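Here the structure is a predicted model, which means the values were calculated and not measured. Every chain is numbered from 1, with letters handed out A, B, ... down the list of sequences.
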2 protein chains.
Amino acid sequence: MKELPPLPKSELEIARIVWRLQEATVREIVEELANDREADFWTVQTYLRRLANKGYLKVRKEGRTNIYAPAVDLEGVISQVFEETVERLFDGKMLPAFQQLVNSRDLTESDIDELQTLLNGLKAERKRKRGKSK
Amino acid sequence: MKELPPLPKSELEIARIVWRLQEATVREIVEELANDREADFWTVQTYLRRLANKGYLKVRKEGRTNIYAPAVDLEGVISQVFEETVERLFDGKMLPAFQQLVNSRDLTESDIDELQTLLNGLKAERKRKRGKSK
DNA sequence: CCTTTTAACGTACATTTGAACGTAATCTAT
DNA sequence: ATAGATTACGTTCAAATGTACGTTAAAAGG
């Protein structure tokens with residue numbers, strides 16, 4: 001995915017709501033936010049316009065109301081932002097990031113089992129790929 | 001750890017160098033940075049002053065030169081910043097963050113084994129704790 | 001058709017962040 | 001002792017970010 005302009009915290013928060021709703025008006029997003037925090041209609045509207053200008057969202061008009069929808073893939077954006085953080089905090093190294101992730105939580109054995117299952121699946125996938133490439 | 005003011009990218013970059021060197025002058029940090037990027041003495045100096053004012057670093061003077069040293073624990077700061085990101089991108093959920101971490105890398109089998117070993121150790125630790133609490 | 005309500009666009013403002021300088025003071029070299 | 005080099009502090013500036021409003025226009029209601 002082409003790298004888009006930086007995505008500050010509040011814009012990311014708004015963008016994630018649009019991704020979750022798949023499309024939304026300003027009013028709908030304001031209502032969604034009201035559950036967590038107070039946000040003026042005008043503020044949200046500005047964020048949405050900035051996101052559209054940056055290329056994260058696309059807009060179509062219905063009557064006088066703008067409908068905002070994702071213009072890029074959520075996974076790609078999350079990946080980009082997260083990797084930048086891992087790079088910045090851990091020089092991109094997975095192990096310390098992973099340690100930070102698990103050590104800061106009270107994991108149950110079943111949580112751990114779930115992670116191990118994931119890793120086993122990854123391992124099997126690597127084996128399959130290697131088998132095929134030989 | 002008491003929550004300190006936000007730590008922007010460039011300040012974090014400088015702070016990590018101080019943590020690595022354990023203590024440093026402006027000049028030493030500028031030299032350290034020169035390997036990666038161009039940075040004016042004045043710019044680094046400003047960042048260091050901001051970090052000290054925010055409580056991340058402490059300062060002592062030797063002659064006319066300030067020596068900067070960490071005032072808080074690196075782990076605590078990394079944890080705070082990383083957790084904020086996981087909260088923001090994944091609503092604090094470990095599994096999607098973990099998936100993002102491993103799926104964006106070409107992990108070898110030995111990488112995966114290393115992660116498994118870590119998780120096994122964690123599991124054993126959980127068992128020991130539970131045993132003791134009974 | 002007129003009035004009221006509400007949304008969009010352009011714009012404004014404060015703070016934060018990235019980046020840097022000017023002057024005074026201190027240290028080093030001669 | 002003086003000149004040159006270098007550092008600190010206070011300050012400055014631009015861009016980014018967080019937040020919000022005013023006027024115009026469109027839709028809804030009467």
Quick one: [X] [atom1] to [N] [atom2], roughly how many Å, whole number?
X        : N       : atom1 : atom2 : value
Lys54(B) : dT15(C) : NZ    : C1'   : 12 Å
Gln45(B) : dG22(C) : CD    : P     : 14 Å
Trp42(A) : dA7(C)  : CH2   : P     : 11 Å
Arg50(A) : dA15(D) : CZ    : P     : 15 Å
Tyr47(A) : dA16(D) : OH    : P     : 16 Å
Ile14(A) : dA20(D) : CD1   : C1'   : 14 Å
Leu12(A) : dT17(D) : CG    : P     : 12 Å
Asn66(A) : dA26(D) : CG    : P     : 13 Å

Residue set satisfying salt bridge (Lys or Arg N to Asp or Glu O under 4.0 Å) with Glu11(B), at least two apart, ordered chain then number -> Lys54(B)
[options]: which one has an atom nearest the side-chain heavy atoms of [X]?
X        : options                   : result
Phe41(A) : dG18(C), dA7(C), dA20(C)  : dA7(C)
Asp40(B) : dG18(D), dC9(D), dC21(C)  : dC21(C)
Pro8(A)  : dG18(C), dT17(D), dT11(D) : dT17(D)
Arg49(B) : dC9(D), dA20(D), dA19(C)  : dC9(D)

Judged by nearest nucleotide, the residue sitting upstream toward the 5' end of DNA chain C, Glu11(B) or Ile67(A), is Ile67(A)
Any [X] side-chain nitrogen or oxygen under 4.0 Å from OP1 or OP2 of [N]:
X        : N       : answer
Thr65(A) : dA26(D) : no
Ser10(A) : dT17(D) : no
Thr43(B) : dG18(C) : no

With sequence neighbours excluded, tell me which residues meet ring-ring contact (aromatic ring centres under 6.0 Å, His included) with Phe98(A).
Phe98(B)
When only distance counts, do a donor and an acceptor, one from the side chain of Thr46(B) and one from the base of dA19(C), lie under 3.5 Å apart?
no
Between [X] and [Y], which heavy-atom pair has the shortest distance, and what is it?
X        : Y        : result
Val59(A) : Ala52(A) : CG2-CB, 3.7 Å
Gly55(B) : Ala71(B) : O-CB, 3.5 Å
Val86(B) : Ala97(B) : CG1-CB, 4.3 Å

Around atom CD of Gln22(B), are there more than 12 heavy atoms of other residues, nucleotides or ligands at under 6.0 Å?
no
side-chain contact (heavy atoms from CB on, under 4.5 Å), paired with Tyr68(A), selected from Val26(A), Leu51(A), Leu21(A)
Val26(A)
Using a cut-off of strictly less than 4.0 Å between a heavy atom of the residue and any atom of DNA chain D, enumerate the qualifying residues of residues 57-64 of chain A by number.
Gly63(A), Arg64(A)
Return the residues of residues 21-34 of chain A meeting this criterion: a heavy atom under 4.0 Å from some atom of DNA chain D. Order them by number, or give none.
none
Residues at least two apart in sequence or cross-chain that pass side-chain contact (heavy atoms from CB on, under 4.5 Å) with Arg16(A), listed by chain then number, are Leu12(A), Trp19(A), Asp91(B)
Applying side-chain contact (heavy atoms from CB on, under 4.5 Å) to Glu23(B) and not counting sequence neighbours gives Arg60(B), Ile67(B), Ala69(B)
Would you please test Thr108(B) and Asp111(B) for side chain to side chain donor-acceptor pair (under 3.5 Å) and show each step?
CA-CA 5 Å; Thr108(B) 65; Asp111(B) 288 329; 3.1 Å; yes
